[in-house]
Number of protein chains: 2
Amino acid sequence: MNNPCGQHQHPHRLIQQPLDELTDRLRRHSRRVTGPRQAILDVLRRHQTPMSNRDIHAALGQMCDLATVYRNLHTLEGMGLVRRFDLGDGAARFELVTPEDDGHHHHLVCTRCSLVVEIDDCFPPEFEQALAQRHRFARISHRLEFFGVCSRCEAGESRPGPVEA
Amino acid sequence: MNNPCGQHQHPHRLIQQPLDELTDRLRRHSRRVTGPRQAILDVLRRHQTPMSNRDIHAALGQMCDLATVYRNLHTLEGMGLVRRFDLGDGAARFELVTPEDDGHHHHLVCTRCSLVVEIDDCFPPEFEQALAQRHRFARISHRLEFFGVCSRCEAGESRPGPVEA
DNA sequence: ACATGATTGCAAACAGGTTGCAAGAACCAC
DNA sequence: GTGGTTCTTGCAACCTGTTTGCAATCATGT
Ligand SMILES: [Mn+2]
Ligand SMILES: [Mn+2]
Ligand SMILES: [Zn+2]
Ligand SMILES: [Zn+2]
């Protein structure tokens with residue numbers, strides 16, 4: 001296994017982008033800088049693990065309707081400002097993405113307490129290329145998530161709700 | 001990348017288990033051999049790619065209620081007769097599993113026509129082990145699916161419905 | 001300040017999936 | 001075979017995550 005991003009060794013998502021930079025990106029895409037949008041971006045930039053629409057809406061505290069959160073994340077995803085992840089429970093999760101980085105990475109999820117650990121490693125791109133060639137697929141990509149039981153849960157103290165394996 | 005199952009080189013899922021063997025497995029788990037169950041198992045054994053509840057129900061043709069399909073797939077999964085897969089669209093898919101094999105494998109999905117290709121390769125288990133140790137997770141496993149555009153779709157003739165990337 | 005179109009709140013609609021309940025089988029024992 | 005016990009099924013209601021139509025509101029360029 002290697003690190004797919006040769007540019008830098010540190011985890012991308014720990015870099016906290018300034019809010020202004022984010023709203024600038026909105027303007028550049030001729031999107032309006034509204035209260036909900038700033039708030040959503042602000043919530044996302046201070047979280048390092050992916051958040052669900054519900055998570056974000058809760059963190060916003062009655063700032064806007066849940067539908068607005070859904071709509072905005074969809075918009076932000078289309079603009080490449082956030083990336084969508086699927087951690088196996090039915091809900092989509094989102095993480096902020098920096099302009100230099102496409103945000104491709106993986107997660108290790110505790111199936112008992114839903115703790116999420118960020119994983120930067122990935123298998124070498126050659127493998128994916130080989131698959132693509134062998135099956136004549138173009139524009140190939142992948143989704144990879146790990147599941148297990150975190151040390152705290154394994155030790156006994158399960159807490160919140162579980163997730164599927 | 002290697003083949004995780006050193007036992008045999010051929011794709012597991014191409015082996016078509018006899019229906020009697022499957023119903024025997026039901027009996028051994030003290031489950032009743034009902035019409036819907038036999039029909040579901042029979043549909044699954046003649047498909048090599050994962051099927052959704054809806055797929056199965058459709059293939060059954062008014063043999064039983066959709067809720068019955070859901071309930072049975074859940075039961076069969078609990079018994080280890082089928083394995084659940086998540087191909088990124090909102091619907092769960094299932095494949096028959098042989099007694100010797102846990103059915104762990106991956107898929108390559110066309111994001112345009114939803115064509116599914118079975119993939120037997122996987123990364124070496126050492127990588128997963130290392131992750132587990134590094135983050136002190138127990139009972140670690142993973143889910144990995146590939147996405148791309150199949151040659152036919154790339155050539156132009158898109159057909160049915162798309163899937164997310 | 002105004003005009004205009006993007007954005008929002010709200011409620012209704014969807015989609016996959018689950019569940020309570022009464023009727024209908026399997027299966028086991030006679 | 002007959003009968004009973006227990007598991008299954010059909011049906012409809014329900015649940016959760018997500019989308020959408022529509023009228024009201026607001027951000028932005030002039
Ligand atoms: Mn992440
Ligand atoms: Mn498969
Ligand atoms: Zn945990
Ligand atoms: Zn295709």
Side-chain angles (χ1 to χ4, degrees), chain A residues 19-20 22-41 50-79 81-82 84-94 114 160-164, chain B residues 19-20 22-41 50-58 60-79 81-82 84-94 114 161-164:
Chain A
L19 185 54
D20 316 325
L22 293 171
T23 54
D24 276 354
R25 292 225 258 160
L26 278 179
R27 289 204 180 78
R28 259 177 262 133
H29 284 261
S30 26
R31 283 356 225 302
R32 297 187 176 170
V33 180
T34 69
R37 276 182 187 158
Q38 296 182 76
I40 289 171
L41 288 171
M51 302 181 77
S52 69
N53 287 284
R54 176 173 304 280
D55 290 340
I56 296 168
H57 181 244
L60 255 43
Q62 190 50 43
M63 144 118 344
C64 70
D65 194 82
L66 181 55
T68 299
V69 176
Y70 276 103
R71 275 194 275 235
N72 275 320
L73 285 169
H74 190 259
T75 299
L76 293 173
E77 186 189 12
M79 295 171 47
L81 267 176
V82 303
R84 176 188 300 255
F85 290 92
D86 176 359
L87 265 40
D89 61 341
R93 314 257 164 164
F94 300 89
S114 300
V163 166
E164 74 163 300
Chain B
L19 185 54
D20 315 325
L22 294 170
T23 55
D24 276 353
R25 291 224 258 160
L26 279 178
R27 291 203 179 80
R28 260 177 261 133
H29 284 262
S30 26
R31 288 316 175 56
R32 295 183 178 172
V33 179
T34 70
R37 277 182 188 159
Q38 296 181 75
I40 290 172
L41 289 171
M51 302 181 78
S52 69
N53 288 285
R54 178 173 303 279
D55 290 341
I56 297 169
H57 182 244
L60 256 41
Q62 191 46 43
M63 144 121 338
C64 69
D65 195 83
L66 181 56
T68 299
V69 176
Y70 276 106
R71 276 194 275 234
N72 275 320
L73 271 287
H74 190 259
T75 299
L76 292 172
E77 185 187 14
M79 295 171 47
L81 267 176
V82 304
R84 177 188 301 254
F85 291 92
D86 177 357
L87 266 40
D89 60 341
R93 313 257 164 162
F94 300 89
S114 302
V163 166
E164 76 164 298

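Predicted, not measured: the structure shown is a model, and the values here were computed from it. Because only heavy atoms are used, hydrogens play no part in the values below, and waters and symmetry mates are left out as well, while side chains stay in. A note on names: the letters A, B, ... follow the listed sequences, proteins ahead of strands, and every chain is numbered from 1.
Contact between the side-chain N/O atoms of A:R54 and the OP1/OP2 oxygens of D:dG17 is found at a separation under 4.0 Å. Distances shown here put every side-chain N or O of B:T34 at or beyond 4.0 Å from the OP1 or OP2 atom of C:dA25. For the pair B:R31 and D:dC7, the criterion of a side-chain N or O lying under 4.0 Å from OP1 or OP2 is not met. For C:dT7, the OP1/OP2 oxygens have a side-chain nitrogen or oxygen of A:R37 closer than 4.0 Å. Checking the phosphate oxygens (OP1, OP2) of D:dT18, a side-chain nitrogen or oxygen of A:Y70 falls inside 4.0 Å. Close to D:dT9, at under 4.0 Å from its OP1 or OP2, lies a side-chain N or O of B:N72. Close to C:dG17, at under 4.0 Å from its OP1 or OP2, lies a side-chain N or O of B:N53.
The interatomic distance linking B:L73 (CG) with C:dT18 (C1') rounds to 14 Å, in whole Å. Here the P atom of nucleotide C:dG16 and the CG atom of A:D89 are 18 Å apart, to the nearest Å. Between the CG atom of B:D65 and the C1' atom of C:dA25 there is a distance of 16 Å, given to the nearest Å. Here C:dG16 presents its P atom at 15 Å from CE of B:M51, a figure rounded to the nearest Å. The CZ atom of A:R84 sits 12 Å away from the C1' atom of D:dT19 (whole-angstrom rounding). Rounded to whole Å, the distance from CE on A:M63 to C1' on C:dT8 is 13 Å. Counting to the nearest Å, the C1' atom of C:dT19 and the NE2 atom of B:H74 are 12 Å from each other. As a whole-Å value, the separation of A:H29 NE2 from C:dA6 P is 17 Å.
If you find the closest nucleotide of DNA chain C to B:V33 and to A:V69, the one lying nearer the 5' end belongs to A:V69. Remark on DNA chain D: of its neighbouring residues B:R32 and B:T68, the 5'-side contact belongs to B:R32, judged by nearest-heavy-atom nucleotide.
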Checklist entry - Given the rule in the side chain to side chain contact (heavy atoms under 4.5 Å, CB included) test, do A:L41 and A:Q38 qualify, once you have shown the distances and angles that lead to the verdict? => result CA-CA 5 Å; A:L41 288 171; A:Q38 296 182 76; 5.9 Å; no

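Minimum heavy-atom separation, A:R25 to A:M79: O-CE, 3.8 Å.
One N or O on the side chain of A:R37 and one on the backbone of A:R32 form a donor-acceptor pair closer than 3.5 Å. The backbone N or O of A:C64 lies less than 3.5 Å from a partner atom in the side chain of A:H57, making a donor-acceptor pair.
Counting atom types as modelled, B:R71 pairs no side-chain N or O with a base atom of C:dG17 as donor and acceptor under 3.5 Å.
None of A:T68, A:L81, A:N53 except one satisfies the side chain to side chain contact (heavy atoms under 4.5 Å, CB included) rule with A:L73; the exception is A:N53.
Residue contacts for A:A91: at a heavy-atom cut-off of 4.0 Å it reaches the sugar-phosphate backbone alone, with no base atom in range.
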